[in-house]
Amino acid sequence: MPGPRSLRARVALASAGAAALAGAVAAIVAGWTAEQLVRAHDDDALLAHTRALADEVRDEEDEPDDDEGPSDLGAILADELDEVPVVGARAAVYDDEGHVLAGDAQLSPLPPGSCADVGSLRACTVSYGARRLTLAASEGAARDHRSLFVIALLAGALVGALAGGASAARIAGVALAPLSALRDRVRAIDPGAPRVDRIAAPEHDAELEDLRAAIAELVERLAVALAQARSFASNAAHELRTPLASVAGELELLDERSDPEAIARTRAQVARLVELVQRLLVLARAEPIDRAHAEAIDLGDVVREVIDRLPDASRVRTSVADDVIVSGDAALLDALISNALSNALKFSDDVVDVEVTLAGDEARIDVRDRGPGIATEDRARVFDAFYRSRAARASGTPGHGIGLALIAHVATAHGGRVEIVPSERGLHLRAHLPRWTPS
């Protein structure tokens, strides 16, 4: 399979084509102009010969008859026509009504002082006295001119293409040199540590500057994504290390003796690991939901299913509007609501309120608890993966700092957002999701 054509070759070919087209157009215009000028010159010369012939014929007719020359008009015209210096000369004399008096009857009279094509001949007509005389010449010279015109056209196009191609290759190299330099600067970026300063210097050309700015923005986003991925992997490894070590220790105890308490502890650790891995898998989904082809989901149904699975569902009070429908992934929306309620129940010993409503073109999920809440200085980071506020760490409540990050991630994947609403007591979490409407 052939490789991609270089931009330099494209520019050179385009320039060569433009030069060939320009050469052809120039040759056409120049050839047409030259042909018109030559035709005008030939007509002037043919008219001059026609007038001279008319004068000679008239003079011969006015002379007295003698034995040295012809006396009738046809003979006079034929005798004088032999001396006309044109190729394939033919002539005819007409009366004022256009009837042929002498000469070639196939010629047609023209308006006096004009020239026109007559078949394969070029003819001009002049008047003398009450008569008109038409002189015609062969078009062989004109055909030769047209042949030269075609040759000139082809030669102009060929020369234009060759000259354009030769010069365009060099010009393209000079014109695209800044692009090649930008390419080298982009190649110099270390994929393991992308840095924008490698291509920070602005370009002088507006188009290249737009390209450089777009690449710099992409590199910056890649650097942020890489840093987040490394942080995510490091934190995930840290979170998994402790429960795995605990499970390994419990398994050693089980290997020594059959201990029901050890089995129960191992099961609890495995359950925590499964929950953590499930949350990590949700966070690892980077692509947004294709809402145009997603299923329609009633948020009220999802809330009721989640509450039915909760061990302390009696502490949850619900207020769910009818037909609050969104389009998306049911499993992810289940994870959003489940984590929001579990997080609220974990940090509050009182009742937790969950409300599902419609507000214009969006659906809202509000979860309110009566726990310690989140300090103002921590709210900017609580949606970062593995981040736990100082209050959460001080409370001793177990957790991984993934719940709120998962909620924000699922909301964003559905084209929505999540926020913390100011509250006098506890935490008020609100998720906004686009409302589904029939297409």
If you measure from CG on L341 to CD1 on I365, what distance do you get to the nearest 0.5 Å? 9.5 Å
About how many Å separate CG of D369 and CG of D349, when rounded to the nearest 0.5 Å? 10.5 Å
Would you say T50's side chain and L46's backbone share a donor-acceptor pair under 3.5 angstrom? yes
Check for a donor-acceptor pair, side chain of T318 on one end and backbone N or O of V320 on the other, with a separation under 3.5 Å. no
Whether D353 and R317 form a salt bridge (side-chain N of Lys/Arg under 4.0 Å from carboxylate O of Asp/Glu) is what I want to check. yes
Using the test salt bridge (Lys or Arg N to Asp or Glu O under 4.0 Å), find all partners of E305 that sit at least two apart in sequence or belong to another chain. none
Does L345 offer a backbone N or O that forms a donor-acceptor pair with the side chain of S348 under 3.5 Å? no
Heavy-atom closest pair, residues Y94 and V100: CE2-CG2, 3.5 Å
Any ion pair linking R368 and E355 (charged N to carboxylate O, less than 4.0 Å)? yes
Any ion pair linking R315 and D312 (charged N to carboxylate O, less than 4.0 Å)? yes
C124 SG to D44 CG distance, which is reported to the nearest 0.5 Å: 8.5 Å
If the condition is side chain to side chain donor-acceptor pair (under 3.5 Å), which residues does R417 pass it with, not counting sequence neighbours? none
4.5 Å side-chain heavy-atom contact, L121 and R90: yes
Among V410, N339, V302, the one residue meeting side-chain contact (heavy atoms from CB on, under 4.5 Å) with D334: V302
Given the rule in the side-chain contact (heavy atoms from CB on, under 4.5 Å) test, do I325 and R435 qualify, once you have shown the distances and angles that lead to the verdict? CA-CA 6 Å; I325 300 176; R435 179 185 182 185; over 6 Å; no
In this structure, CG of D329 is separated from NE2 of H414 (nearest 0.5 Å) by 5.5 Å
Taken to the nearest 0.5 Å, the spacing of L299 CG from W436 CH2 works out to 13.0 Å
Which residues pass the side chain to side chain donor-acceptor pair (under 3.5 Å) test with R51, sequence neighbours left out? none
Between D43 and R122, is there a salt bridge with N-O shorter than 4.0 Å? yes
In this structure, CG of L433 is separated from OG1 of T412 (nearest 0.5 Å) by 10.0 Å
Got a sec: does the CD of Q106 have more than 12 other heavy atoms crowding it under 6.0 Å? no
